[in-house]
Amino acid sequence: MQVNELAHEGLKRAYSVTLPAGDIASSREKRLSEIAKTVSLPGFRPGKVPLSIVRQRYGTAVMGEVLEESVGNASRKVVSDRGLKPALQPKIEVTSFPDGGDLEFRMELEVLPDVPMPEFSGIELERLRAEPADEEVQKILETLATRNGELTDVSDARPAIKGEVMVCDFAGSVVPDLLTNGPALGAVPGIPGQAPRGWEIGLSGGLTSEIAAIGTDEALPYFDLRVSGTASEAGWVQVFLEGAKGIAAAPGDTQSLMFSTKLAGGSLPEGTQGKLGFNFYSLGQDSVDFLDMQREGFDVSAGRSTLAFTFPNQAEIGACRPFIYLHGMPAGVAVEFMLRIGPARLIAGTEEPALAPFAGGSANDMPIEVGGPGFIPGFTEQMEGMSVGDSRDIQVVFPLDYGSAELAGKRALFSITAKKLQQRVPRAIDDELAKTVGQADLVGLQAQVKEGLQREYDGMSRMRLKRALLDKLADQASFPVPEGMVDSEFSQIWQRVEADLKAGRLDSDDQGKDEATLRDEYRGIAQRRIRLGLLLSEIGRSNNIQVTPDELSGALRQEAMRYRGQEQQVIEFFRKNPEAMENLRAPIFEEKVVDFILELAKVAERQVQPEELSEA
């Protein structure tokens with residue numbers, strides 16, 4: 001291998017690398033020989049196919065595999081031999097590869113800069129301290145007294161409000177759905193994030209996706225799919241609502257697909273069309289083979305859509321796979337929109353099937369706190385506003401990890417009748433109240449409340465101190481940063497700025513500024529973030545600061561708890577995705593580095609009122 005340095009300017013490096021033709025040919029023949037030992041072709045016993053036939057059949061594919069492996073190994077050797085620390089993946093361009101000749105490629109990269117260490121003892125900071133006032137403690141005690149008060153009947157006819165108790169009769173039934181995961185549970189935010197369990201998202205070249213958020217609307221789940229980039233061809237986005245094996249189907253079947261979509265940010269490029277449809281498959285012994293598709297147009301912004309499909313009379317049809325399809329985005333046009341995708345549902349025929357009551361789904365005279373915890377997510381919130389004598393249908397989705405496997409992830413409908421409304425009369429703030437919430441006496445309860453407030457104030461103080469420290473570090477850091485890293489960071493920032501611009505959510509500080517000014521300011525923010533990130537990383541590395549497995553496991557548990565009902569799916573997602581796990585590790589590492597610096601810096605303390613902590 002021959003290597004020539006072409007550029008060495010600042011953090012940029014470029015090399016010309018030549019791999020001898022003999023090495024390429026040797027690697028190709030070795031790989032073909034390996035294939036020949038196991039390949040099976042008609043007319044030959046396994047492993048007995050002549051090498052000349054293997055070369056003819058697989059030569060082109062093997063050459064591509066060999067070239068990719070050879071270039072990868074060579075580029076890694078260039079980096080290793082020269083002790084380079086790449087900021088990003090090197091850019092590779094094959095410049096010459098004549099038939100039977102040497103392979104030449106150009107390799108461009110940016111390296112990480114040398115990061116000088118600040119003089120930590122010269123950093124002067126101020127830590128603000130605040131203590132809870134007796135009035136604040138008393139206010140929380142009064143809330144506890146109300147929450148744990150005795151229930152008394154409400155005599156006047158009025159709607160129920162959050163925190164009151166409604167005595168009800170209810171009967172629940174599972175809503176029939178042919179989809180495995182019609183409610184779209186299991187989505188995990190991130191870039192690209194994780195689609196709902198069993199769903200699949202596909203994009204045309206030049207486009208990227210992000211699960212920007214998940215949530216519920218009227219107790220039904222949704223996820224926000226952000227799509228951005230520039231389509232390199234006619235752009236499209238496809239969301240399959242079922243796994244690759246599909247759903248059982250037969251020729252001539254009629255099925256109705258119900259789906260919920262709306263634009264939650266940005267706008268669709270002119271010419272974009274929405275289609276709902278099905279792919280049809282034949283079922284072999286060990287395979288599922290595509291046969292045909294059927295599509296019908298729908299209004300992406302309509303909210304909920306229902307379309308009935310009668311399947312083709314093709315005898316081979318054994319399975320179908322429903323999808324939503326956005327297409328017609330012009331090539332070369334910038335794309336930036338966010339689509340809120342709600343639950344889907346698929347039923348046989350066009351008539352609503354009968355509901356299916358389930359064991360344990362009914363009760364009489366059941367006291368339920370309106371808007372309170374301890375019930376199926378989304379159930380009690382929908383009781384708000386009911387009056388005694390009212391009846392209401394409440395639709396919910398059981399969590400994926402629900403105790404009953406027959407109900408986990410299923411949509412259910414509860415018919416509920418309100419029979420009696422009760423409210424809590426605050427109890428006395430005394431030792432008995434303390435015992436109710438797990439404390440020995442009132443003194444212990446007061447101390448617990450005060451400790452909780454103190455933790456809150458200390459957290460706010462920490463945020464202010466950290467921000468001041470980062471400002472000091474940023475003022476001292478003047479080393480160059482890789483432009484590629486800045487470009488990537490700025491791109492992510494700017495995508496959100498553009499979405500806010502289109503949606504009219506621009507920050508008040510940015511309103512009235514032209515695009516050039518905004519771009520310049522946000523690029524400066526991107527540079528600051530990258531520079532601080534490199535500085536903190538080097539401080540941690542040089543001082544052997546590490547994140548322990550226990551710390552990472554704790555962060556994973558906390559992250560999973562944010563997605564009630566989907567904890568196990570979130571944990572599995574992070575464990576299978578190292579990049580996502582790194583997103584959990586990075587904040588812990590940063591906090592440990594900050595702690596290290598604060599130990600060495602000069603930090604003065606000043607007592608303030610709690611209100612001052614919350615000031616910007």
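Quick note: residue numbers are just sequence positions, from 1.
- Nearest approach of Ala74 to Leu19, heavy atoms of both residues: CB-CD2, 3.8 Å.
- Classification of Asp224 and Arg340 as a salt-bridged pair holds, one side-chain N sitting under 4.0 Å from a carboxylate O.
- In this structure, the side chain of Thr380 engages the main chain of Gly372 through a donor-acceptor pair within 3.5 Å.
- With Ser70 contributing its side chain and Val66 its backbone, the two residues share a donor-acceptor pair below 3.5 Å.
- For the side-chain contact (heavy atoms from CB on, under 4.5 Å) test, residues two or more places apart in sequence or in another chain that qualify with Asp365 are Val167, Asp169, Lys419.
- When each of Phe278, Trp199, Phe240 is tested with Phe323 by the rule ring pair (Phe, Tyr, Trp, His ring centres under 6.0 Å), just one qualifies, namely Phe240.
- Put simply, the side chain of Thr261 gets close to the backbone of Val300: a donor and an acceptor are under 3.5 Å apart.
- Under a 4.0 Å N-O distance rule, the pair Arg197/Glu572 does not qualify as a salt bridge.
- Checking Thr306, Leu307, Ile324, Leu346 one by one against Phe259, the side-chain contact (heavy atoms from CB on, under 4.5 Å) holds for a single residue, Ile324.
- Note on ring orientation: taking the six-membered ring where Trp is involved, the planes of Phe170 and Phe375 are perpendicular (angle over 60°, cut-offs 30° and 60°).
- Aromatic pair Phe414/Phe379: ring centres closer than 6.0 Å.
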(request) Start with the C-alpha gap between Thr180 and Glu242, add the side-chain angles, then the distance that decides, and say whether side-chain hydrogen bond (donor to acceptor under 3.5 Å, both in side chains) holds. (result) CA-CA 7 Å; Thr180 305; Glu242 190 66 35; 2.4 Å; yes
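- Side-chain atoms of Ser75 come within 3.5 Å of backbone N or O of Val71 as a donor-acceptor pair.
- For the side-chain contact (heavy atoms from CB on, under 4.5 Å) criterion with Cys320, the lone passing option out of Phe309, Tyr281, Phe311 is Phe311.
- Checked against a 6.0 Å centroid threshold, the rings of Phe358 and Phe398 count as neighbours.
- Note on Arg557 versus Glu567: no salt bridge recorded, every NZ/NE/NH1/NH2 to OD/OE distance being 4.0 Å or above.
- Although no hydrogens or angles enter the test, the distance criterion places a donor-acceptor pair under 3.5 Å between the side chain of Asp102 and the main chain of Ala21.
- Summarising the geometry of Met485 relative to Leu88, their closest heavy-atom pair is N-CD1, 3.7 Å, with the distance given to 0.1 Å.
- Between Ile201 and Ala195, the shortest heavy-atom contact is CD1-CB, 3.9 Å.
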Practice item. Under the side-chain hydrogen bond (donor to acceptor under 3.5 Å, both in side chains) rule, what do Glu551 and Thr548 come out as? Steps first, then yes or no, please. Key: CA-CA 5 Å; Glu551 290 169 335; Thr548 67; 3.3 Å; yes
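- Looking only at distances, a side-chain donor or acceptor of Ser553 sits under 3.5 Å from a matching main-chain atom of Pro549.
- Between Glu200 and Arg321 there is a salt bridge, since a side-chain N of the basic residue sits under 4.0 Å from a carboxylate O of the acidic one.
- The existence of a salt bridge linking Arg31 and Glu65 is confirmed by a sub-4.0 Å separation between a basic side-chain nitrogen and an acidic carboxylate oxygen.
- One finds a salt bridge joining Arg496 and Glu210 here, because a Lys/Arg side-chain nitrogen approaches an Asp/Glu carboxylate oxygen to under 4.0 Å.
- Nearest heavy atoms, Gly206 versus Ser232: N-OG, 4.0 Å.
- Heavy-atom contacts from other residues, nucleotides or ligands closer than 6.0 Å to CZ of Arg57 number 12 or fewer.
- For the pair Ser256 (side chain) and Gly349 (backbone), a donor-acceptor distance under 3.5 Å is present.
- The backbone N or O of Phe573 sits less than 3.5 Å from a side-chain atom of Asn577, completing a donor-acceptor pair.
- Between the Arg392 side chain and the Gln382 main chain, a donor and an acceptor come within less than 3.5 Å of each other.
- The two residues Arg411 and Ala344 come nearest to each other via the heavy atoms NH2-O, 3.3 Å.
- Counting only distance, with no hydrogens or angles, the side chain of Ser260 and the backbone of Arg304 share no donor-acceptor pair below 3.5 Å.
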